[in-house]
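These notes concern the structure reproduced below.
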Amino acid sequence: LINLANALSARYEKLQDISDVEELIAYLREALLLSDGHPSHLRNIINLVQGLRIRYERLGDISGVEEAIIHLREALPLTRSDEFHSATLINLAGNLCTRYGVLGDISDVEEAIIYYQKVLSLFIVSHPRCPFCLSNLAEALRTRYRKLGNIPDVEEAIIYNRDALSLRTGSHPDRLNSLVNLAETLRTRYRELTLSLVGVSHPLHPLALNNLAAALSTHYSRLGNTFNMEEEIVYLREVLFLRISNHPDHPQSLSNLAGTLLTRFKRSGSISDLQEGICLLKEALFICHSDAPEQSVYIHALANGLFR
């Protein structure tokens, strides 16, 4: 059974036929039933989990991830060496995070955090998988923060991202990812600190929101992260709401939101973004003084919107 599964795995690597994966999963399940109590049982679990992971990545079948989690929990007490135990913990944590991404149960992320922390307690700093584990732990903490809003999770994520970055030096292929992750986490902390210090009733609150939106815009233009653009639009709408029609910066707020909506239109093709952007620019032009220097900017932006 194992040899047959291995042959199917080799053929899948060559031909990428998902039916080979389905077949090898069936054989490995049978082998798992027959090997209970045998030294090969743990290896059969790992091979089956790998097959289930491939199927999930190809077909998006979450039931395979759930089955993998069950088998990995069974494997944990069977692992003898720290190396094999840590690899199983990482595998289990990764599958739990995958399941959270589909089903949204935050307990999966919380359990994954515990496993990543256990792995780091087993690793020495020079272990080749240490940066990977630090980065994944930081991301799991950020995920929990997004769900529950606990600022200490962000603070802790910054520490782990910095540690991962310090280990991915020079030309390390994942150094850029670590830089981006750290920048994202620092931006999250900056946003929270800024908005907590400058409350909704504070006169500088609209300015703080506007600055956050500008930072997100810069981040999007450099990295193309659409999540940042969505967040930027939220902030710009709030700025517009706070800077009422007689506010001196109201036209500029209209223009800023219009520009971001038109950028999203170019990306997504959503006609509603185009229509709203044009309406906002028309409003900015209507209330702008005829001798204002920014009037030509609004006219140019409106012309571009109309000719899209």
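For the pair L141 and V154, the minimum side-chain heavy-atom distance is 4.5 Å or more. In this structure the side chain of L137 never reaches within 4.5 angstrom of the side chain of C133, judged on heavy atoms. R73 places a side-chain heavy atom less than 4.5 Å from the side chain of I69. With contacts defined as side-chain heavy-atom distances shorter than 4.5 Å, the pair D153/K147 does not qualify. The side-chain heavy atoms of I25 and L48, taken from C-beta on, include a pair separated by under 4.5 Å. Side-chain contact between S135 and R168 is present, with heavy atoms from C-beta onward closer than 4.5 Å. Under the 4.5 Å side-chain criterion, counting only non-hydrogen atoms from C-beta, N256 is not in contact with T260. For the pair L28 and I2, the minimum side-chain heavy-atom distance is below 4.5 Å.
Contact record, P131 with P128: CD-O, 3.6 Å, taken as the closest heavy-atom pair. Scanning all heavy atoms of the two residues, the minimum distance from L76 to T79 falls at O-OG1, 2.8 Å. Here the closest non-hydrogen pair linking N44 and S35 is ND2-OG, 3.0 Å. L24 and G51 get closest at one heavy-atom pair: CD1-CA, 4.3 Å.
The line from NE2 of H41 to CG of L33 is 8.5 Å long, rounded to the nearest 0.5 Å. For the atom pair E110 CD and D105 CG, the distance stands at 8.5 Å (nearest 0.5 Å). Distance CD/Q117 to CG/L122: 12.5 Å, rounded to 0.5 Å. To the nearest 0.5 Å, atoms OG1 (T88) and CD (E83) are separated by 10.0 Å. To the nearest 0.5 Å, the span separating CG on N47 from CG on L42 amounts to 9.5 Å. Rounding to the nearest 0.5 Å places OH of Y56 at 5.5 Å from OG1 of T98.
Under the 4.5 Å side-chain heavy-atom criterion for Ile, Leu, Val, Met, Phe, Trp and Tyr, L59 and V21 are members of the same hydrophobic cluster. Under a hydrophobic clustering in which Ile, Leu, Val, Met, Phe, Trp and Tyr are joined whenever their side-chain heavy atoms come within less than 4.5 Å, directly or via other members, Y145 and I114 fall into different clusters. Residues L78 and I90 share a single hydrophobic cluster, defined by chaining ILVMFWY side chains whose heavy atoms lie under 4.5 Å apart. One hydrophobic cluster holds both I271 and I278 under the rule that ILVMFWY side chains link at heavy-atom gaps under 4.5 Å. L148 and V109 fall within the same hydrophobic cluster, where Ile, Leu, Val, Met, Phe, Trp and Tyr residues are linked whenever their side-chain heavy atoms come under 4.5 Å apart, directly or through other members.
The salt bridge (Lys or Arg N to Asp or Glu O under 4.0 Å) pairs that include a residue from residues 30-55 are E22-R55, R53-E57, R55-D61, where partners are two or more places apart or lie in different chains. Within the structure, salt bridge (Lys or Arg N to Asp or Glu O under 4.0 Å) pairs that include any residue of residues 121-131 do not occur (at least two apart or interchain). Applying the ring pair (Phe, Tyr, Trp, His ring centres under 6.0 Å) test to pairs two or more places apart or on separate chains, those with a residue in residues 71-130 are F123-H127.
For E276, the salt bridge (Lys or Arg N to Asp or Glu O under 4.0 Å) test picks out R237, with sequence neighbours left out. Under the salt bridge (Lys or Arg N to Asp or Glu O under 4.0 Å) criterion, R175 pairs with no residue, sequence neighbours left out.
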Under 3.5 Å, which donor-acceptor pairs link side chains of residues 160-167 to any protein atom two or more places apart or in another chain?
from, atom 1, to, atom 2, distance (Å)
Y160, OH, E156, OE2, 3.3
N161, ND2, A157, O, 3.3
N161, ND2, T185, OG1, 3.0
S166, OG, D163, O, 2.6

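A donor and an acceptor atom, one from each side chain of N177 and N181, are nowhere located under 3.5 Å apart.
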* Test side chain to side chain contact (heavy atoms under 4.5 Å, CB included) applied to R264 and L261, step by step -> CA-CA 5 Å; R264 188 169 69 176; L261 288 167; 3.7 Å; yes
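Using a distance-only test at 3.5 Å, with no hydrogens or angles considered, a donor-acceptor pair links the side chain of N95 to the main chain of N91. No donor-acceptor distance shorter than 3.5 angstrom exists from the side chain of S9 to the backbone of A5, with no hydrogens or angles considered. Looking at D17, its side chain does come within 3.5 Å of a backbone N or O of S19 through a donor-acceptor pair.
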